[in-house]
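Below, chain A is the first sequence line, B the second, and so on; all start at residue 1.
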2 protein chains.
Amino acid sequence: MPKVITLPGDGIGPEVTAAAVEVLREVAPDVTIEEHLIGGIAYDKEGDPFPPSTRDALKSADAVLLGTVGGAQDSAWNKLERKLRPESGLLALRKALGCYANLRPVRVQPGLEHLSPLKAELARGVDILIVRELLGGVYFDGDRKIEGDTAYNTMRYTTPEVERVAKVAFWAAEQRKGRVTSVDKANVLEVSELWRRDVQALRDRDYRSIHLNHEYVDSVAMLIVSDPSRYDVIVTENLFGDILSDLAAVIPGSLGLMPSASLGDGAGLFEPIHGSAPDIAGKGIANPAAAIMSVGMLLRHGLHRPEAANHVDRAVSMALREQPTRDLGGSADTKTFTRAVLEALGTPAVG
Amino acid sequence: MPKVITLPGDGIGPEVTAAAVEVLREVAPDVTIEEHLIGGIAYDKEGDPFPPSTRDALKSADAVLLGTVGGAQDSAWNKLERKLRPESGLLALRKALGCYANLRPVRVQPGLEHLSPLKAELARGVDILIVRELLGGVYFDGDRKIEGDTAYNTMRYTTPEVERVAKVAFWAAEQRKGRVTSVDKANVLEVSELWRRDVQALRDRDYRSIHLNHEYVDSVAMLIVSDPSRYDVIVTENLFGDILSDLAAVIPGSLGLMPSASLGDGAGLFEPIHGSAPDIAGKGIANPAAAIMSVGMLLRHGLHRPEAANHVDRAVSMALREQPTRDLGGSADTKTFTRAVLEALGTPAVG
Ligand SMILES: [Mg+2]
Ligand SMILES: [Mg+2]
């Protein structure tokens with residue numbers, strides 16, 4: 001029986017996670033769900049934003065569903081020493097899970113094209129999955145220094161690092177339209193030359209059915225705005241992926257519509273990309289769509305249940321059309337929206 | 001008497017440069033204009049895409065106005081050894097000029113908002129200048145290697161490199177709205193920490209009237225699409241600038257509207273960012289707007305004649321409204337558009 005650890009966290013995290021759990025129970029009643037502490041609330045209760053009890057629980061988990069972490073700017077938590085702050089709990093969690101691939105679906109919901117900063121005709125039907133390498137490259141390489149009037153960082157990759165994240169992209173593409181665009185700057189950078197060579201070699205060896213092409217990062221930055229429909233799966237290294245996934249995240253028009261997954265060799269981490277929104281916490285009006293879509297990703301990538309995942313994705317799309325929340329220009333509160341999702345799943349919810 | 005070297009080059013380069021020269025003669029009749037060879041045509045005539053005669057001429061130039069370089073994909077030029085190809089002439093030219101700052105204005109022309117991939121209400125009034133460091137950072141650092149299953153490049157900056165490009169940005173901002181956004185990833189990268197420190201120190205020392213703020217590159221990638229009007233001048237390092245300037249270039253909706261300048265300690269280089277469009281070369285239908293706007297930049301940044309520059313910019317805006325070219329959905333050919341610019345300058349053109 002698969003086990004999912006939930007970490008509701010702070011701010012609107014508990015509300016949106018509760019909604020997500022309702023949906024998860026509905027579509028995967030056999031799954032064991034176990035709630036643990038993270039973030040500011042974990043500090044308040046256990047004196048540690050990533051307490052040992054949570055760390056231990058991860059060992060038996062098949063997937064982790066995270067809410068949101070952190071308080072308002074002027075929160076007392078932000079006056080703690082750095083390692084005790086809520087965000088440090090999140091960093092420790094990510095490190096403990098060792099996830100090397102971050103997945104960000106960028107999907108413009110039918111009927112919500114008007115939310116996009118792009119013209120509706122460009123936004124319509126956009127459905128991209130961005131796969132970003134998460135542990136390597138210039139952000140983490142140890143060869144780095146600032147001294148006097150010079151400073152440097154090192155953008156380094158090795159073949160095993162490239163292959164493990166490319167595998168995630170190819171695997172995901174097999175379940176989508178079968179197209180992968182690998183993004184690099186191989187006309188200028190040796191590290192990109194390696195990236196391109198290794199992604200291509202892996203495709204030629206193990207993923208012959210995938211259509212793979214290679215594009216330069218500056219060109220993708222243009223095309224993802226001027227012609228986003230051209231992309232299916234995009235895979236890229238850490239820095240390029242940071243920029244491109246944040247860029248692409250604006251296309252659907254609301255961070256409230258953006259789930260994410262971080263995958264490694266153990267349990268994956270599934271979470272909305274929006275923040276903890278302390279200003280509206282506890283009011284029952286938070287939009288749980290991204291948290292519920294994170295359940296969709298958990299089903300697809302964590303528990304390998306694509307049909308249940310599709311079922312959730314479709315139900316969220318229907319609910320967004322019928323009961324949009326306030327942040328999307330509608331009037332549904334958290335409960336109303338969640339009920340709409342459960343109804344769309346074919347099961348009338350009680351109360 | 002200032003001297004401008006023109007390098008019309010290949011494809012539509014000669015046509016759009018001729019149009020630009022007509023405008024330059026009109027607004028700066030005292031300037032000496034001297035035409036030289038570059039690119040494929042230089043190879044055809046002199047056996048070298050950047051011939052010694054051109055290199056010598058640069059020594060006495062105050063500014064260089066470049067057309068476009070290169071042939072069609074299947075051009076005989078592309079079968080030459082690399083150093084004889086048209087593009088190698090361009091690289092050699094840029095190297096000879098030693099320009100360390102690339103300037104890209106991103107201006108949505110009044111009345112042409114519909115060309116933007118963004119919604120008209122977001123595109124309207126956008127007027128950004130992106131200043132990109134052009135000679136340093138990860139693209140050029142010599143500490144780079146690919147060997148076996150590992151590869152790396154080094155993102156390095158020194159204080160003098162940061163300061164000289166930041167000066168260009170501050171100077172440009174003084175003539176605009178006085179606001180500079182410096183873009184880095186200082187929360188993760190030491191090289192960005194140096195960048196941020198030095199840009200701030202320069203502003204505090206010499207440009208106290210400028211409003212300077214610092215933003216992260218991933219955040220700017222989002223905001224430049226979702227709220228482009230927030231920016232006046234953006235300054236950033238080479239790789240970030242490559243990505244952001246190409247990204248921003250899609251906002252006006254046509255590369256035919258995008259001039260550029262590259263500035264160093266000697267003569268600056270002014271050129272449209274569009275390609276040589278060999279398919280329409282010689283037909284008299286190329287849009288010369290970007291080449292004429294490059295004259296505007298040449299007047300502003302090369303000859304320090306801001307009034308003449310403003311005069312040209314306004315005339316181009318009027319002509320774009322009254323006589324849009326075919327690529328913009330209008331029907332004007334190169335001559336008609338150029339005449340409209342000259343008329344807008346207040347001088348009826350002959351023929
Ligand atoms: Mg980011
Ligand atoms: Mg570029």
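- A side-chain donor-acceptor contact under 3.5 Å links Lys119(B) to the backbone of His114(A).
- Options Asp198(A), Asp143(A), Leu118(A) differ in how many heavy-atom pairs under 4.5 Å they form with chain B, and the most are formed by Leu118(A).
- Heavy-atom contacts from other residues, nucleotides or ligands closer than 6.0 Å to CZ of Arg205(A) number more than 12.
- With respect to chain A, the highest number of heavy-atom pairs below 4.5 Å among Gly137(B), Gly148(B), Gly253(B) belongs to Gly148(B).
- Heavy-atom distances place the side chain of Leu122(B), and not its backbone, under 4.5 Å from chain A.
- Contact tally against chain A (heavy-atom pairs below 4.5 Å) for Asn153(B), Ile146(B), Ile224(B), Val188(B): the top residue is Asn153(B).
- By number of non-hydrogen pairs under 4.5 angstrom with chain A, the leading residue of Val225(B), Asp227(B), Leu244(B), Asp141(B) is Val225(B).
- Between Pro117(B) and Ser226(A), the closest heavy-atom pair is CB-CA, 4.3 Å.
- Annotation: the span from Asp218(A) atom CG to Ile243(B) atom CD1 amounts to 7.0 Å, rounded to 0.5 Å.
- Minimum interatomic distance between Met222(B) and Val250(A) (heavy atoms only, all atoms of both residues): CB-CG1, 3.6 Å.
- Looking at Phe240(B), only its side chain comes within 4.5 Å of chain A, counting heavy atoms on both sides.
- Ranked by non-hydrogen atom pairs under 4.5 Å with chain A, the options Glu121(B), Lys145(B), Glu190(B) are led by Glu190(B).
- Contact of the Met155(A) side chain with the Thr154(B) side chain is not registered, since no non-hydrogen atoms from C-beta on lie closer than 4.5 Å.
- Neither the backbone nor the side chain of Ser245(B) comes within contact range of chain A; no heavy atoms are under 4.5 Å apart.
- Minimum interatomic distance between Leu189(B) and Arg144(A) (heavy atoms only, all atoms of both residues): CA-NH2, 4.3 Å.
- Per-residue counts of heavy-atom pairs under 4.5 Å with chain A were compared for Tyr157(B), Trp195(B), Tyr216(B); the largest is that of Tyr157(B).
- Put simply, of Ile251(B), Thr158(B), Thr159(B), Asp149(B), the one with the most heavy-atom pairs under 4.5 Å next to chain A is Asp149(B).
- Under the 4.5 Å side-chain criterion, counting only non-hydrogen atoms from C-beta, Asp246(B) is not in contact with Ser219(A).
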Should Val138(B) and Lys185(A) be marked as a side-chain contact (heavy atoms from CB on, under 4.5 Å) after you check the CA-CA gap, both sets of side-chain angles, and the distance that decides it?
CA-CA 11 Å; Val138(B) 75; Lys185(A) 189 73 184 179; over 6 Å; no

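- Side-chain contact between Leu194(A) and Thr150(B) is absent, with no heavy-atom pair separated by less than 4.5 Å.
- Proximity to chain A (any heavy atom under 4.5 Å) is restricted, for Leu239(B), to the side chain, taken from C-beta onward.
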